[in-house]
Amino acid sequence: MTQFQWPSNGPATLVCKRKWAETSNSVSFTLAPESINDQDIAFNFIPGQFITLGIEIDGKMEYRAYSLSSMPNQTELQLTIKRVAGGKVSNYIVDSLQEGQAVSVLKPAGEFHIERRSQDQAHGNRIVLLSAGCGITPVMSMAKTLLANKDDSTDIHFIHAATQIDQIIYHQELLAMAEQHARFHVSIMLEDAKGSDYLEGRLTQAALANYCADIAERTTFLCGPVGFMGAMQENLQALGMDMDNFYQESFTPAESTQPDVELNNADKVEALANATIFVPTFGAQVEAKIGSALIDALEAAKVPVIAACRSGICGSCKCKVTKGEFTRTSTETLTVDEIEQGFVLACSCQVHSDLEVALN
Ligand code: FES
């Protein structure tokens, strides 16, 4: 089996091989090279990582990042996508992506993966995979990969929250994994447990401790909607978890973590004004509100920037500010040198003055 070679710059073209309904509002599908000659080619990535898909919708290329749920070294990549309100790309995939259709794919990336787990044997050998809804995908990849490794002895507690029994993604697969592996334990909490034996309610501190008595001593990987993740982080901290052993990811736009800038009167007048964003290479110029995200201005200027996660995670929107003032809420994927040179993630960069920008 040879490894798939990702282009060093830009996306690969892969084809949707199979697509099926996972629940009433989510689908799974696989991607592989189109050519039949490529069927011995496998994909390498670290369980927990994501890929960025580019799909043409209404004549415009749209990019989004999605976590992989398959294992490394398989001939197809698998993803599961859930319908979301206003989710242009997700809903297109659920409703319209066809088997045989080509999509652009940027190589796997991301720092939320099992190789991050604690080096401390006591913690790293016992983990909690905690998820809600479609946040199950990266942790499913982690669980399957660890269980498939005969030399691995990690004890895995898989805790998942869903709305109802028929909305549990990978439900039967999870039960089969628990049946086959004594070191894999599954706990499921439902908002509405009608028709099941699962507990109904929210994953409170008490519920987490009840499911997994030694939860505070484990390395934890958390993925799900932002509100869920905030609540779980608080619960785990309250239960005494060492947050050095805690990792999380969510593809949701980041809130600013910059302190509010103290404005004097002159600045206040300025703040009501627009700044000018200039991208010389494309001869593009556009107005942007002070404090707004640079990505919005670049998109308004029709500069070909890719914004796949809009959360400061994937690095696809990297560009360089050559003049002007700005703040950053994420520097994920940027090196120290790049930060010093003025590289930013446009989705996580706030405009503070007129800017001149170069795409990398
Ligand atoms: S779009 Fe992913 S980091 Fe900006």
Side-chain angles (χ1 to χ4, degrees), residues 6-7 9-12 45-46 48-57 60-68 79 81 84 86-90 92-93 103-113 116 134-135 137-138 223-226 229 247-258 277 279 282 284 286 288 291-322 326-352 355 357-360:
W6 293 92
N9 227 336
F45 63 92
I46 313 173
Q49 288 191 308
F50 61 84
I51 53 173
T52 299
L53 298 187
I55 297 182
E56 191 172 324
I57 303 174
K60 182 169 176 253
M61 277 304 273
E62 302 279 355
Y63 289 88
R64 294 292 183 277
Y66 295 104
S67 298
L68 292 159
L79 300 106
I81 314 282
V84 284
K88 192 172 185 180
V89 178
S90 296
Y92 174 90
I93 289 171
V103 296
S104 297
V105 185
L106 295 174
K107 67 181 175 190
E111 295 300 314
F112 178 75
H113 56 66
R116 299 288 304 275
C134 220
T137 50
C223 188
V226 154
M229 300 213 333
Y247 304 96
Q248 62 177 327
E249 181 169 77
S250 176
F251 291 117
T252 310
E255 297 286 332
S256 172
T257 56
Q258 298 289 334
I277 311 300
V279 190
F282 295 91
V286 71
S292 65
L294 176 59
I295 190 70
D296 295 336
L298 296 178
E299 288 179 339
K302 305 225 177 313
V303 170
V305 61
I306 296 175
C309 72
R310 306 187 89 86
S311 311
I313 294 172
C314 73
S316 68
C317 64
K318 181 169 93 173
C319 55
K320 185 176 180 182
V321 177
T322 52
F326 59 88
T327 52
R328 300 179 177 95
T329 46
S330 169
T331 53
E332 198 94 28
T333 76
L334 298 179
T335 65
V336 173
D337 276 356
E338 286 174 331
I339 292 168
E340 274 174 13
Q341 289 166 34
F343 280 95
V344 299
L345 300 172
C347 69
S348 306
C349 171
Q350 298 76 40
V351 175
H352 285 265
L355 298 183
V357 179
L359 294 198
N360 58 327

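All ligand and atom numbering here is 1-based and tracks the order in the structure.
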Quiz item: What residues, two or more places apart in sequence or in another chain, satisfy side-chain hydrogen bond (donor to acceptor under 3.5 Å, both in side chains) together with Gln49?
Solution: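 Counting only residues at least two positions away or on another chain, Gln49 forms no side-chain hydrogen bond (donor to acceptor under 3.5 Å, both in side chains).
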
Self-check item: Contacts of Glu332 that satisfy side-chain hydrogen bond (donor to acceptor under 3.5 Å, both in side chains) - sequence neighbours left out
Solution: none

Self-check item: Number of protein N/O/S atoms that sit closer than 2.8 Å to atom 4 (Fe) of ligand 1
Solution: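 Under the 2.8 Å cut-off, the count stands at 2.
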
Quiz prompt | Test: Lys60 and Glu299 ion pair at under 4.0 Å | solution = no

Quiz item: In terms of side-chain heavy atoms, does Ser104 have a donor or acceptor partner in Tyr63 at a distance below 3.5 Å?
Solution: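 The criterion, which ignores hydrogens and geometry beyond distance, is not satisfied for Tyr63 and Ser104.
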
Quiz item: Which value, rounded to the nearest 0.5 Å, describes the distance between Leu106 atom CG and Cys314 atom SG?
Solution: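 The SG atom of Cys314 is 8.0 Å from CG of Leu106, to the nearest 0.5 Å.
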
Quiz prompt | Listed partners of Glu56 passing salt bridge (charged side-chain N to carboxylate O under 4.0 Å, His left out), at least two apart | solution = none

